[in-house]
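Beneath this line is the structure, given in structure tokens, with notes to follow.
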Amino acid sequence: MDSQATAPSSSASAPVFRHGVHAFGSRTIDFDRQVALMAVINRTPDSFYDGGATFALQAAVDASLKAVDDGADWVDIGGAPFSPGDPIPASDEAERIVPVISAVRAASDVIISADTFLPEVARQALAAGANVVNDTTGLRDPDMAAVVADAGAHLIITHSLAEPRTVYPRPSYDDVVREIAEFLLRKVDDAVRLGIPEDRILLDPGHDLNKNTLHSLEITRRFAEIAGLGFPTVAAVSNKDFIGETLDRPKRERVEGSLAAAVICILGGARVVRMHNVPASRAAIDLTEAVLGWRQPAYLRHNMGNVNAPAEP
């Protein structure tokens, strides 16, 4: 390959991580040069996106393994939504997600996160083979830190304001990104004090969680300020309401907007994107990584010889 075809080696806009390389079981992610694709698996009868399509145990396991086959680096398995509704007992939530985690772990070394805010559910999920706890309440229950620390697992700290499953009317911020950043840094300090090392912490600004559409658009636009805190940061943007309201699209017609939001966040420093549509997201991530100089094209043919080959059909 000649010098004109060699990809650039770095991106000037990349955040500086306190710990760029993270080990999740047998998998290692170098967040200085890689974006991890997290697939969403909801074992709930009323999932906001699929309406319960993966509620049955085998359906959830099959969807998880198909996501891996389609290119997911990570599967996020949840059994209780954050959105308002009746509380789900820990025993019921664990019964939903622990068998899925066990089955997926037996079949794959993929990174697995348990999407839960209950320490007892997290404890069982980690014992079943999960590597990460994805806590959408931002460590509201400090007992969660002890569970994660004892297991040597990773923790995703997400910004949110409400008690889980409760209404938080008309959220208001003076500066939404600054306030999120301050919240996340406070929670990082709490997590470290409670025994979780910095190299096992990821952050999530919480698009749409107690934010309106204008807030979520601003988070997307200013994502570099969150990534600049020095921790690998998750962009959970897939099919969310801020995309639907911006584009006037129902949930099943938000793929293009979700991909655009994910790429904008990656360019702002996001290093994990949480997505429902895995094949399309894999292609978007791979192309973005190639533009950033982290990935070589699958092949080079166009204008590479003395005679240009006919265009591919």
Side-chain angles (χ1 to χ4, degrees), residues 17-31 34-43 60 64-65 67-68 72-80 82 93-94 96-141 143-160 184 187-188 190-192 194-206 209 231-236 238 270-275 278:
F17 296 118
R18 303 186 191 188
H19 304 276
V21 178
H22 285 234
F24 303 88
S26 63
R27 291 204 180 190
T28 298
I29 304 290
D30 181 356
F31 290 114
Q34 184 176 354
V35 177
L37 171 55
M38 176 196 288
V40 183
I41 306 295
N42 287 319
R43 196 174 180 209
S64 299
L65 296 178
V68 175
D73 306 293
W74 186 321
V75 291
D76 186 51
I77 300 170
F82 177 87
E93 185 183 343
R96 290 178 180 182
I97 70 169
V98 170
V100 183
I101 292 169
S102 296
V104 174
R105 175 53 69 230
S108 173
D109 70 343
V110 69
I111 301 166
I112 301 173
S113 54
D115 182 355
T116 184
F117 42 79
L118 298 181
E120 177 56 25
V121 176
R123 184 189 65 76
Q124 294 184 48
L126 293 169
N131 311 101
V132 185
V133 173
N134 183 9
D135 181 2
T136 52
T137 68
L139 209 59
R140 180 177 288 272
D141 187 336
D143 290 342
M144 180 68 85
V147 170
V148 174
D150 289 346
H154 278 69
L155 175 68
I156 299 173
I157 301 174
T158 302
H159 175 272
S160 61
L184 292 173
K187 295 297 184 174
V188 166
D190 291 343
V192 171
L194 293 169
I196 302 175
E198 282 189 349
D199 64 355
R200 294 184 180 273
I201 294 173
L202 299 92
L203 304 179
D204 181 345
L209 297 184
F231 295 86
T233 305
V234 180
S238 184
R271 292 298 178 262
V272 182
V273 290
R274 184 178 185 271
M275 305 295 283
V278 173

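Please read all numbers here as calculations on a predicted model, not as lab measurements.
Under a 4.0 Å N-O distance rule, the pair E120/R123 qualifies as a salt bridge.
Contact record, A125 with I101: CB-CD1, 3.6 Å, taken as the closest heavy-atom pair. I41 approaches A60 most closely through the heavy-atom pair CG2-O, 3.9 Å. The two residues V272 and V35 make their nearest non-hydrogen contact at N-CG1, 4.5 Å. Nearest heavy atom pair, residue V98 against residue Q124, reads CG2-CB, 3.8 Å. The two residues V68 and S108 have their closest heavy-atom pair at CG1-OG, 4.0 Å. Residues A114 and A130 come closest through the heavy atom pair N-CB, 4.4 Å.
For the pairing with N131, the side-chain hydrogen bond (donor to acceptor under 3.5 Å, both in side chains) check across R27, R105, R200 returns one residue only, R105. Remark: of the listed residues D73, I156, V278, D115, I156 is the sole one forming a side chain to side chain contact (heavy atoms under 4.5 Å, CB included) with M38. Looking at I97, I77, L126 one by one, the single match for side chain to side chain contact (heavy atoms under 4.5 Å, CB included) with I112 turns out to be I77. Checking D109, V110, I111 one by one against S26, the side chain to side chain contact (heavy atoms under 4.5 Å, CB included) holds for a single residue, D109.
Listed by chain and number, the residues in a salt bridge (charged side-chain N to carboxylate O under 4.0 Å, His left out) with D30 amount to none (sequence neighbours excluded). Residues satisfying the side chain to side chain donor-acceptor pair (under 3.5 Å) criterion with D76, sequence neighbours excluded, are S113, N134, R274.
Among pairs with a residue in residues 150-159, none fulfils salt bridge (Lys or Arg N to Asp or Glu O under 4.0 Å), at least two apart in sequence or across chains.
Atom OG1 of T158 is separated from atom CZ of F82 by 9.0 Å, given to the nearest 0.5 angstrom. In this structure, the separation between CZ on F17 and CG on L202 is 9.0 Å, given to the nearest 0.5 Å. Atom CZ of R18 is separated from atom CD1 of I201 by 8.5 Å, given to the nearest 0.5 angstrom. Rounding to the nearest 0.5 Å gives a distance of 12.5 Å between CD1 of I157 and OG1 of T136. Expressed to the nearest 0.5 Å, how far CG of L139 lies from NZ of K187 amounts to 6.0 Å. For the atom pair CG of D135 and CG of L155, the computed distance is 6.0 Å after rounding to the nearest 0.5 Å.
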Subject >> Step-by-step side-chain contact (heavy atoms from CB on, under 4.5 Å) determination, V273 to L37 >> reply: CA-CA 5 Å; V273 290; L37 171 55; 4.2 Å; yes

**OP:** Take V132 and W74 through the test side-chain contact (heavy atoms from CB on, under 4.5 Å) and record every step on the way to the result.
**Re:** CA-CA 10 Å; V132 185; W74 186 321; 3.7 Å; yes

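By the 30° and 60° cut-offs, the orientation of the rings of H22 relative to H154 is tilted.
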